[in-house]
Amino acid sequence: MIKKWLRWGLLVVLGMFLWLSYVGGVLAVPVGDLLKQPVSEVRVSLGNRENELKFIPNNFEFVVGKRYKLVLDNPSLQKHYFTSKDFADASWTQKVEAGKVEIKGNIHELELKPGAVAEWFFVPVKPGSYLLRCPIAGHTEAGMTGIIKVVVDG
Ligand SMILES: [Cu+2]
């Protein structure tokens, strides 16, 4: 039993090491240096007090290799998602902070209940143009969408 856990533990550590070296390789920057980078804060609201179905703003541009803190808040009276799976896959997530909880590791989407705030710390890895949307029934159709661009600096 203990042996099994040990083996899994080793696999997880090895996996994390490989992932970090992969990210470091793509960025040509050691991850340790990434964490020392100053963090740029960007804000986004999921809906508003008038309960309009939109992201504010709905257009983002991030630079590969820079570290960001995306502060998400939901000032509306209904829950919303911040879903951009391809963007999440094209980024290295350091952590998500919400209330007194800090979650490490990769994520695919965030759900914010009315009044919620969350902070997503990430480093974009792959340039591209990614679709953002709220997949709750009717919300994407009503225009709760956006574009996240990831560009290479210079
Ligand atoms: Cu929504």
Side-chain angles (χ1 to χ4, degrees), residues 8-9 11-27 29 31 34-35 37-153:
W8 275 110
L11 267 177
V12 167
V13 169
L14 184 71
M16 278 176 73
F17 177 78
L18 285 175
W19 169 242
L20 289 180
S21 33
Y22 165 74
V23 169
V26 168
L27 299 175
V29 180
V31 168
L34 282 179
L35 295 179
Q37 257 201 76
V39 70
S40 307
E41 188 174 311
V42 178
R43 296 184 155 266
V44 60
S45 291
L46 282 60
N48 56 19
R49 287 205 183 86
E50 291 72 43
N51 270 314
E52 289 177 284
L53 297 173
K54 56 185 185 183
F55 293 102
I56 306 146
N58 66 355
N59 228 298
F60 305 87
E61 189 173 297
F62 300 118
V63 176
V64 167
K66 288 211 157 78
R67 191 157 68 104
Y68 293 94
K69 168 182 165 182
L70 182 63
V71 182
L72 306 101
D73 79 300
N74 179 358
S76 79
L77 298 171
Q78 54 188 321
K79 72 174 182 181
H80 293 293
Y81 282 82
F82 186 93
T83 304
S84 185
K85 191 182 175 299
D86 292 339
F87 170 69
D89 286 345
S91 302
W92 175 69
T93 294
Q94 180 192 350
K95 61 181 174 180
V96 173
E97 285 187 15
K100 289 183 178 173
V101 180
E102 187 172 305
I103 300 144
K104 318 255 192 205
N106 279 317
I107 57 142
H108 289 312
E109 61 183 359
L110 294 111
E111 177 190 326
L112 274 84
K113 300 211 158 64
V117 178
E119 296 172 349
W120 180 14
F121 293 76
F122 62 88
V123 177
V125 176
K126 223 176 92 193
S129 194
Y130 306 101
L131 182 68
L132 162 70
R133 65 191 198 97
C134 173
I136 290 177
H139 290 200
T140 298
E141 295 77 1
M144 199 158 186
T145 59
I147 296 287
I148 305 175
K149 272 196 193 122
V150 174
V151 300
V152 177
D153 203 7

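Numbers for residues simply follow the sequence, beginning at 1.
When the options Val71, Ile56, Leu70 are evaluated for a side-chain contact (heavy atoms from CB on, under 4.5 Å) with Arg43, the one that passes is Val71.
Here the straight-line distance linking atom CG of Leu77 with atom CD of Glu50 works out to 10.0 Å at 0.5 Å rounding. With rounding to the nearest 0.5 angstrom, the CD atom of Glu119 is 10.0 Å from the CD atom of Glu102. Here Met144 contributes atom CE and His80 contributes atom NE2; the two are 4.0 Å apart, rounded to the nearest 0.5 Å. Here the straight-line distance linking atom CD1 of Ile148 with atom CZ of Phe82 works out to 4.0 Å at 0.5 Å rounding. One finds the CZ atom of Phe121 at 11.5 Å from the OG1 atom of Thr93 (value rounded to the nearest 0.5 Å). Between the NE2 atom of His108 and the NZ atom of Lys85 there is a distance of 4.5 Å, given to the nearest 0.5 Å.
Remark: Val152 engages Val64, Pro127 in a side-chain contact (heavy atoms from CB on, under 4.5 Å) (not counting sequence neighbours). For the side-chain contact (heavy atoms from CB on, under 4.5 Å) test, residues two or more places apart in sequence or in another chain that qualify with Ala116 are Leu112. Every residue meeting the side-chain contact (heavy atoms from CB on, under 4.5 Å) condition with Pro135, not counting sequence neighbours, appears here in chain and number order: Tyr81, Thr83, Glu109, Arg133. Under the rule for a side-chain hydrogen bond (donor to acceptor under 3.5 Å, both in side chains), Lys69 has no partner lying at least two apart in sequence or in another chain. In this view, Ser45 and Asp73 satisfy the side-chain hydrogen bond (donor to acceptor under 3.5 Å, both in side chains) rule, not counting sequence neighbours. In terms of the ring-ring contact (aromatic ring centres under 6.0 Å, His included) criterion, residue partners of Phe122 (sequence neighbours excluded) are, by chain and number, Phe62, Tyr68, Phe87, Trp120. In this view, Lys66 and Asp153 satisfy the side-chain hydrogen bond (donor to acceptor under 3.5 Å, both in side chains) rule, not counting sequence neighbours. In this structure Asn48 satisfies the side-chain hydrogen bond (donor to acceptor under 3.5 Å, both in side chains) test together with Glu52, sequence neighbours excluded.
Residues Ser129 and Ile147 form a side-chain contact, since some pair of their non-hydrogen atoms from C-beta on lies under 4.5 Å apart. Within the 4.5 Å cutoff, the side chain of Gln78 has heavy atoms near those of the Leu53 side chain.
Counting only residues at least two apart or on different chains, the salt bridge (charged side-chain N to carboxylate O under 4.0 Å, His left out) pairs with a member in residues 75-84 are Lys79-Glu111.
Residue Val150 comes nearest to Pro124 through the heavy atom pair CG1-CB, 3.6 Å, listed as atom of the first residue, atom of the second, then distance. Nearest heavy atoms, Leu132 versus Phe60: CD2-CE1, 3.9 Å.
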